[in-house]
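We name chains A, B, ... by the order of the sequence lines, and we start the count at 1 in each one. Fair warning: this is a prediction, and the values are worked out from it, not measured in the lab.
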Protein chains: 2
Amino acid sequence: MVRKVRAVMLKKRITLKDIARETGVHVSTVSRALDPVERRSITPEVIEKVHGAAERLGYRPNRIAAGLRTNRTMTVGVMIPDITNVIFPPILRGIESVLEPLGYASIIVNTDSEKERESRLVDVLRDRGVDGIIHAAALRSDPSIARAAEDGMPVVTLNRRVERACIPYIINDEEGGIRQMLSHLSDLGHRSIAHIAGPQNLSTGQLRLAAFRDCVTSMKLSHNERLVVTATRFDEDEGMRCVDALLSSQEPFTAILCANDRLALGAIERLRGRGLHCPTDVSVSGFNDMPFLNLIRPKLTTIRIEQHSAGRTAATLLMRLINSNDLESVPIETILPVELIVRDSTGPAKDAAPRPTGRYSAARHT
Amino acid sequence: MVRKVRAVMLKKRITLKDIARETGVHVSTVSRALDPVERRSITPEVIEKVHGAAERLGYRPNRIAAGLRTNRTMTVGVMIPDITNVIFPPILRGIESVLEPLGYASIIVNTDSEKERESRLVDVLRDRGVDGIIHAAALRSDPSIARAAEDGMPVVTLNRRVERACIPYIINDEEGGIRQMLSHLSDLGHRSIAHIAGPQNLSTGQLRLAAFRDCVTSMKLSHNERLVVTATRFDEDEGMRCVDALLSSQEPFTAILCANDRLALGAIERLRGRGLHCPTDVSVSGFNDMPFLNLIRPKLTTIRIEQHSAGRTAATLLMRLINSNDLESVPIETILPVELIVRDSTGPAKDAAPRPTGRYSAARHT
DNA sequence: GTCAATCTCGCAATCGATTGCATGAAATTT
DNA sequence: AAATTTCATGCAATCGATTGCGAGATTGAC
């Protein structure tokens with residue numbers, strides 16, 4: 001059955017003018033009486049009268065009009081690659097948790113990690129007069145956001161830093177995470193550790209790979225570039241493909257450190273398909289600690305990133321940029337701590353040599 | 001290390017007035033020359049000149065100012081319970097896929113299914129002058145959104161319908177989904193089927209329970225109210241608790257139809273903890289087909305809801321409400337089809353009912 | 001009791017774009 | 001050629017709130 005909607009007349013909006021007429025004072029007085037700051041210079045009884053009338057008439061301030069005059073919309077733009085990626089919703093809730101109490105709303109846009117889409121969206125946000133932008137889209141090179149910042153738009157970036165630009169950035173301690181994971185694996189006796197790296201056009205992919213290389217050498221693990229394969233996307237399919245590549249390279253390894261959880265899940269799945277059990281045959285680790293990981297077997301050992309607090313931090317910094325009279329106080333760099341979460345996907349190296357200088361463990365595959 | 005941000009002067013914005021000065025025509029002419037509709041009544045050479053100047057100066061229209069005059073912000077509000085719930089991001093992308101090409105942006109708010117928060121957020125959206133609201137927050141009774149609709153605000157609801165209000169709603173074919181699942185289970189030989197129902201203050205929870213009761217009787221399965229337990233939240237913990245309740249009731253059953261996937265996942269987990277294997281001992285089914293289900297063992301048999309297209313549909317209807325001159329054409333009710341996805345968590349009914357403790361031997365119901 | 005300082009509030013401009021109406025010129029008709 | 005229509009553009013009001021400035025009114029000081 002299909003019923004119809006009837007047309008409805010929009011109810012007239014109550015404005016300052018209505019309150020002014022009602023109370024007999026001028027609209028500017030009404031405006032001041034309603035403004036918690038300007039209120040100081042208004043007689044208590046006028047304030048009383050105005051508030052009474054406002055209440056009675058159901059006055060709601062028109063933010064659009066105020067925004068036109070003050071050039072502030074109380075709106076911020078939030079750019080992310082893709083909201084369906086589970087790591088972003090907690091970030092958004094974190095952002096919201098500081099913005100909403102302050103009366104700010106956010107406009108969220110998905111860039112899909114496409115360069116031109118991203119720069120078009122920056123313009124969309126600017127056209128809408130957002131007071132600032134939180135940029136969590138992971139594309140590394142990005143002229144449009146830098147230009148916006150140069151033009152005076154308050155901007156902070158999350159998980160990424162724009163080179164040569166003076167834009168505050170919040171990043172997670174990627175390197176620390178990689179190091180913790182490597183020493184965890186090392187403690188379990190692993191010496192030949194493979195890495196499934198993330199896309200290199202994303203900063204997380206790049207940072208984690210660089211950290212992997214650094215730590216492997218500084219920890220005196222066997223460093224073999226053939227144990228590094230790079231995924232083109234952060235997803236399970238790529239995790240599978242990279243495992244195939246690792247196995248067919250014939251290089252022996254006893255563990256795979258993956259650049260994120262989804263790669264790790266794909267890797268484990270494919271290992272299983274090839275008759276290799278995790279963690280008995282190969283240990284696999286992830287990164288991010290995304291939701292639902294506790295439901296997937298084996299439970300993944302990973303690095304937890306506090307997405308919610310990253311969002312909070314980004315929003316807090318942006319507020320300081322927007323409202324603070326001394327911008328000098330806003331730190332350019334903020335590094336958030338990460339945490340090693342040991343679960344079931346990592347275990348003792350199967351053929352680990354008793355001494356680090358021993359021979360490599362034998363390959364079990366093929 | 002902590003470097004500092006330097007203060008930056010906001011670059012002056014180019015306005016219609018600047019273009020008018022540059023081209024020597026009046027600002028109203030500039031406005032018309034730039035408006036694709038009004039453009040008809042302007043000389044081609046003036047249009048040329050104006051567009052040239054606009055291009056050269058880098059003019060970007062001020063939507064705030066336009067919005068004040070036209071009373072349209074090209075913004076819609078989207079209300080959801082919680083963005084971290086994986087079913088909502090696809091809905092949002094669906095909405096965005098319709099809205100963005102039309103020049104609309106959306107403000108997303110999370111209600112956390114709290115009544116007063118929800119009604120406060122309706123006000124927030126109205127204050128911001130959104131042109132319409134898509135309401136996907138599942139609280140069943142809700143005066144504030146109905147009031148907004150009465151005041152002339154275009155509103156559509158998703159996954160829920162506001163009683164007694166003339167608000168177009170989009171729902172999924174919950175009953176059809178339940179029926180499909182029940183006949184699937186019935187085909188597998190199950191006759192005693194338990195139901196873990198969702199929270200009854202959410203419409204999905206309520207609708208699915210009602211459908212379960214209807215279908216069970218109409219399909220002549222054994223109807224036993226003691227095989228129905230109600231969860232207080234849609235999560236794994238509640239799924240576990242409900243399984244405990246079912247098992248301790250001593251009622252025999254061979255399958256559990258759960259009101260959503262998370263309840264099902266919790267149920268399977270707890271069954272396993274009690275020594276019952278899914279699907280060998282008990283079949284379990286979910287609802288929603290949320291992401292990552294393919295990574296969790298056993299792969300869950302469920303009902304797929306097309307979240308993305310639900311979002312698209314909602315947005316399309318809202319656009320019709322906002323822009324159509326005859327609102328009569330907007331259907332009040334839209335029911336979207338669902339699809340049975342058979343995977344590994346359902347199998348042939350075992351002759352014996354589950355016996356967690358082995359203390360009783362259950363007869364099979366007919 | 002006069003003058004200055006202070007306080008409260010109104011006036012009017014302003015933010016930038018839109019739009020009904022008016023005007024003068026060009027095009028068309030008679 | 002005069003009259004009328006059409007057309008392109010300018011004028012000015014408007015949306016609703018904010019805010020610098022100034023006018024009265026009130027208070028206080030000497």
Side-chain angles (χ1 to χ4, degrees), chain A residues 10-51 53-54 57-75 103 126-131, chain B residues 10-51 53-54 57-75 103 126-131:
Chain A
L10 244 95
K11 194 199 264 180
K12 191 186 161 300
R13 199 186 177 111
I14 302 295
T15 73
L16 287 190
K17 205 187 293 186
D18 298 316
I19 300 181
R21 186 175 342 98
E22 191 81 3
T23 57
V25 300
H26 194 264
V27 356
S28 64
T29 306
V30 176
S31 172
R32 281 189 258 257
L34 259 23
D35 182 330
V37 177
E38 294 266 19
R39 176 155 47 198
R40 299 178 295 98
S41 63
I42 302 285
T43 317
E45 63 228 40
V46 173
I47 294 185
E48 179 82 15
K49 203 165 53 173
V50 168
H51 274 83
L57 298 176
Y59 172 73
R60 310 246 46 182
N62 184 332
R63 282 172 176 283
I64 306 294
L68 177 59
R69 177 65 220 253
T70 60
N71 210 28
R72 304 175 101 249
T73 53
M74 301 299 279
T75 306
R126 298 182 78 175
D127 288 353
R128 289 184 170 275
V130 296
D131 296 338
Chain B
L10 242 95
K11 193 197 264 182
K12 190 187 160 302
R13 198 185 179 114
I14 302 296
T15 72
L16 286 189
K17 206 188 291 185
D18 297 315
I19 300 181
R21 185 174 345 95
E22 190 82 3
T23 55
V25 301
H26 193 266
V27 1
S28 63
T29 308
V30 177
S31 171
R32 283 189 258 257
L34 260 23
D35 182 330
V37 177
E38 294 267 19
R39 177 155 45 201
R40 299 178 295 97
S41 63
I42 302 283
T43 318
E45 63 228 39
V46 173
I47 293 184
E48 180 82 14
K49 205 166 50 174
V50 168
H51 273 85
L57 298 177
Y59 171 73
R60 311 243 47 180
N62 184 331
R63 282 174 176 283
I64 307 295
L68 178 58
R69 179 65 221 253
T70 61
N71 209 27
R72 305 175 98 250
T73 53
M74 301 299 279
T75 306
R126 298 181 78 174
D127 288 354
R128 289 183 170 275
V130 295
D131 295 338

Using heavy atoms to find the nearest nucleotide of DNA chain D for A/R60 and B/V25 separately, return the residue whose nucleotide is more 5′.
B/V25
At a heavy-atom distance below 4.0 Å, which nucleotide of DNA chain C is the first touched by chain A, and which is the last?
C/dT8 to C/dG16
So does A/M74 get a backbone contact from the side chain of B/R128, meaning a donor-acceptor N/O pair under 3.5 Å?
yes
What one should report as the nearest heavy-atom pair of B/Y59 and B/L16 is OH-CD2, 3.4 Å
Would you please name every residue forming a side chain to side chain contact (heavy atoms under 4.5 Å, CB included) with A/A53, sequence neighbours left out?
A/I19, A/E22, A/T23, A/R56
Between its two end axes (five pairs each) the helix from C/dG1-D/dC30 to C/dT30-D/dA1 turns, nearest 10 degrees, through 40°
Contact check, side chains of A/I42 and A/V50, non-hydrogen atoms, under 4.5 Å:
no
Atom pairs under 3.5 Å, N or O on each side, protein against nucleotides 19-27 of chain D: can you list them with distances?
residue: D/dG20; atom: O6; partner: A/R32; partner atom: NH2; Å: 3.1

Should A/L68 and A/I64 count as side-chain neighbours, where that means a heavy-atom distance under 4.5 Å?
no
Report the residues that fulfil salt bridge (Lys or Arg N to Asp or Glu O under 4.0 Å) with A/D127, sequence neighbours left out, ordered by chain and then residue number.
B/R60
Taking for B/G24 and for B/L68 the nucleotide of DNA chain D with the nearest heavy atom, the one nearer the 5' end belongs to B/G24
Results of salt bridge (Lys or Arg N to Asp or Glu O under 4.0 Å) for B/R126 - residues two or more places apart only
B/D151
Report the residues that fulfil salt bridge (Lys or Arg N to Asp or Glu O under 4.0 Å) with B/D18, sequence neighbours left out, ordered by chain and then residue number.
B/K12, B/R21
Could you tell me which residues satisfy side-chain hydrogen bond (donor to acceptor under 3.5 Å, both in side chains) with B/R63, sequence neighbours excluded, listed by chain and number?
none
So, using side chain to side chain contact (heavy atoms under 4.5 Å, CB included) as the criterion, who are the partners of A/T43 when residues are at least two apart?
A/E45, A/V46
If a pair satisfies side chain to side chain donor-acceptor pair (under 3.5 Å) and one of its residues is in residues 25-38 of chain A, list it, with sequence neighbours excluded.
A/H26-A/S28
The side-chain hydrogen bond (donor to acceptor under 3.5 Å, both in side chains) partners of A/N62 (sequence neighbours excluded) come to none
Close residues, residues 42-51 of chain B, relative to DNA chain C [heavy-atom separation under 4.0 Å]:
none
Checking the side chain of A/R13 only, and the main-chain atoms of A/P61 only, is there a donor and an acceptor separated by less than 3.5 Å?
yes
